[in-house]
Amino acid sequence: STQSTWGGNQSQVSSMSRGVVLLLALCLCGAALSKEIVVPWGVIPFLYGGSGPITVHANAGDVITWLWTDAIPGIPHGVRGADEEWCPLVVEQNGYNCSHTFTKIGTYPFFCQEHWFMQGTLIVLPV
């Protein structure tokens, strides 16, 4: 067999190279498969910030995090889709957050159970 300078043969080098390439590909693909998308969620941005209904675009597998942005304590918020609650209705301070991972492609309307004007649409696309 052919010897390389490090003492292994050609087939060992070739096998090791394939393993490194496969590992690198898995790492790069895994990193690109999911990400976190932060959605500001509060009365003040919707009423006074003019944000109105919002549209969020994500890829399947992304984590959507709703971030409470009201500086006024005691305002309850939650996030609900048509068929399920994604974030429970809670009274929390500015900075509280709740996350949900979406794995299925589709369009998901969502809203705050307490405030009809806080609403949006999540569009989940294929990776």
A side-chain contact here means heavy atoms from C-beta on lying under 4.5 Å apart; do Pro40 and Leu67 qualify? no

So, for Asn97 and Thr65, which heavy atoms are closest and what is the spacing to 0.1 Å? CB-CG2, 3.6 Å

Between OH of Tyr96 and OG1 of Thr69, what distance do you get to the nearest 0.5 Å? 14.0 Å

Which word best sums up how the rings of Trp86 and His100 line up, parallel for under 30°, tilted for 30 to 60°, or perpendicular for over 60°? parallel

Shortest non-hydrogen separation from Asp62 to Ser34 and the atoms involved: OD1-CA, 3.4 Å

Looking at every heavy atom in both Glu85 and Arg80, which two are closest together, and how far apart are they? N-NH1, 3.1 Å

Evaluate the ring planes of His115 and Phe117, with Trp represented by its six-membered ring, and classify them as parallel (under 30°), tilted (30 to 60°) or perpendicular (over 60°). tilted

I need the Phe110 CZ to Ile54 CD1 distance, nearest 0.5 Å. 4.0 Å

Gln113 side chain vs Val79 backbone, donor-acceptor pair below 3.5 Å: yes

Shortest non-hydrogen pair, Gly61 vs Thr101, comes out as O-CG2, 3.7 Å

Check: Cys87 and Trp68 side chains under 4.5 Å, non-hydrogen atoms: yes

Can you find a heavy atom in the side chain of Leu125 that is under 4.5 Å from one in the side chain of Asn59? yes

Scanning both residues in full, the closest heavy-atom pair of Val39 with Ile64 reads CG2-CG2, 3.8 Å

Any donor-acceptor N/O pair, Trp41 side chain to Gly78 backbone, under 3.5 Å: yes

Spell out, yes or no, whether Met118 and Val91 are grouped together once hydrophobic residues are joined by side-chain heavy atoms under 4.5 Å, including indirect joins. no

Nearest atoms (heavy-atom pairs only) where Gly42 meets His77: CA-NE2, 3.8 Å

